[in-house]
Novice: 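Structure below; questions to follow.
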Amino acid sequence: MPEIRQLTIDGRCNGPDGSANGGYACGAFARLCPMPVAVTLHAPPRLDRPLRAEVGGRRAHLWDGDQLIATAAPTEHRVGHVDPVSSADAIQASGQYPGRLNHPFPRCFVCGPDRKPGEGLLLAPGPVPGRAATVACPWVPDATVTGENGRVLPEFVWSVLDCPSGWTADLVTAPKVLGWMRAELETLPTPGDQCVVVGRLDTYDDHGLASTSVLYDSRGTVLARATTRWFAP
């Protein structure tokens, strides 16, 4: 019999208005699972509402009443590599963030330009000069995203790996939302760490896109990495 757990996603952690940021939802659900998993989103997770997680066996399921929201399962998929970007180049790339002036979800907790400091993560992934289909931006976590051990909670790392991977394509004219995510977390950063997140577009077709994203520390050491798949909402 599966173990029943409850997951409530804080209202501030939205992606589109009224539903959770995809990376955050995937990370929060994955954290309830006893083994590393990939998460598939079937429907937008609602905010500030108790969701029922059935954990156990080969698959875990997240429900909102009788609606299936997400499925988590072990996977043999291993996330690829994206070369690091210097802090200076990440800052330069961030200055060209296309979502700053035109964003499909301007109040997104992770990359929405309408959020104020302290309300959101304010990531601004922009194109890296000289590297095709690659974006980067700096990220300095603060105490609002940390746990009792003083390190960033895993679900926020999933969030940071999520949005930049989407901005490897044109989300302004062709908005997409996260549908599948696999993250590998090696070291959780601490508040004040000077991090850089890099995303690279791997494939793009009529069905959606797939990307790889990597979170680096200031020395160019990999902290976490993810593969994401995005689809039209």
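Bear in mind that the values here come from a model prediction, so they are computed numbers and not experimental data. The figures that follow rest on heavy atoms only: side chains count, while hydrogens, waters and symmetry mates do not.
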Novice: Evaluate the side chain to side chain contact (heavy atoms under 4.5 Å, CB included) criterion for residues L161 and T228: first the C-alpha distance (whole Å), next the side-chain angles of each, then the deciding distance (0.1 Å), finally the verdict.
Specialist: CA-CA 9 Å; L161 291 168; T228 61; over 6 Å; no
Novice: Could you give me the CA-CA distance, side-chain angles and deciding distance for N21 and C163, then say whether side chain to side chain contact (heavy atoms under 4.5 Å, CB included) is met?
Specialist: CA-CA 9 Å; N21 171 267; C163 289; 3.5 Å; yes
Novice: Inspect the surroundings of NE2 in H42 and state if more than 12 heavy atoms from other residues, nucleotides or ligands are less than 6.0 Å away.
Specialist: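 More than 12 within 6.0 Å, yes.
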Novice: Would the distance check show the side chain of Y97 and the main-chain N or O of C137 forming a donor-acceptor pair, the cut-off being under 3.5 Å?
Specialist: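 No; zero donor-acceptor contacts below 3.5 Å.
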Novice: At their closest point, which heavy atom of R115 faces which heavy atom of R12, and how far apart are they?
Specialist: NH2-O, 3.0 Å
Novice: Do the rings of F109 and F156 sit parallel, tilted or perpendicular, given the 30° and 60° boundaries?
Specialist: tilted
Novice: Does R5 reach the main-chain N or O of C33 with its side chain, forming a donor-acceptor pair under 3.5 Å?
Specialist: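 The answer is no, because no donor-acceptor pair under 3.5 Å joins these two groups.
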Novice: Considering only heavy atoms from C-beta outward, does the side chain of P36 approach that of R182 to under 4.5 Å?
Specialist: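 In short, these two side chains touch, coming nearer than 4.5 Å.
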Novice: With a 3.5 Å distance limit and no angle check, can you tell me whether R151 reaches the backbone of T187 through a side-chain donor-acceptor pair?
Specialist: no
Novice: If we ignore hydrogens and angles and just use 3.5 Å, is the side chain of T134 paired with the main-chain N or O of A132 as donor and acceptor?
Specialist: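 Checked: pair present.
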Novice: Can you find a pair of side-chain heavy atoms, one from P154 and one from L188, that are under 4.5 Å apart?
Specialist: yes
Novice: Is it true that a side-chain atom of R31 and a backbone atom of L153 form a donor plus acceptor pair closer than 3.5 Å?
Specialist: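 Checked: no pair found.
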Novice: Are more than 12 heavy atoms, taken from residues, nucleotides or ligands other than R219, located less than 6.0 Å from that residue's CZ atom?
Specialist: no
Novice: Transitively linked via ILVMFWY side-chain contacts under 4.5 Å: V79 with V198?
Specialist: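 Each belongs to a different hydrophobic cluster.
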Novice: Of V140, T146, T144, which is the lone residue that meets side chain to side chain contact (heavy atoms under 4.5 Å, CB included) with D142?
Specialist: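 Per the side chain to side chain contact (heavy atoms under 4.5 Å, CB included) rule, the option paired with D142 is T144, out of V140, T146, T144.
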Novice: For residues V222 and Y216, report the shortest heavy-atom separation together with the two atoms involved.
Specialist: CG2-CE2, 3.5 Å
Novice: Determine whether the aromatic ring centres of H103 and W167 lie less than 6.0 Å apart.
Specialist: yes
Novice: Mind running side chain to side chain contact (heavy atoms under 4.5 Å, CB included) on F29 and I69 for me, showing each step along the way?
Specialist: CA-CA 10 Å; F29 183 30; I69 300 299; over 6 Å; no
Novice: Would you check, one step at a time, whether the test side chain to side chain contact (heavy atoms under 4.5 Å, CB included) holds for I4 with R52?
Specialist: CA-CA 7 Å; I4 306 300; R52 184 178 79 256; 3.7 Å; yes
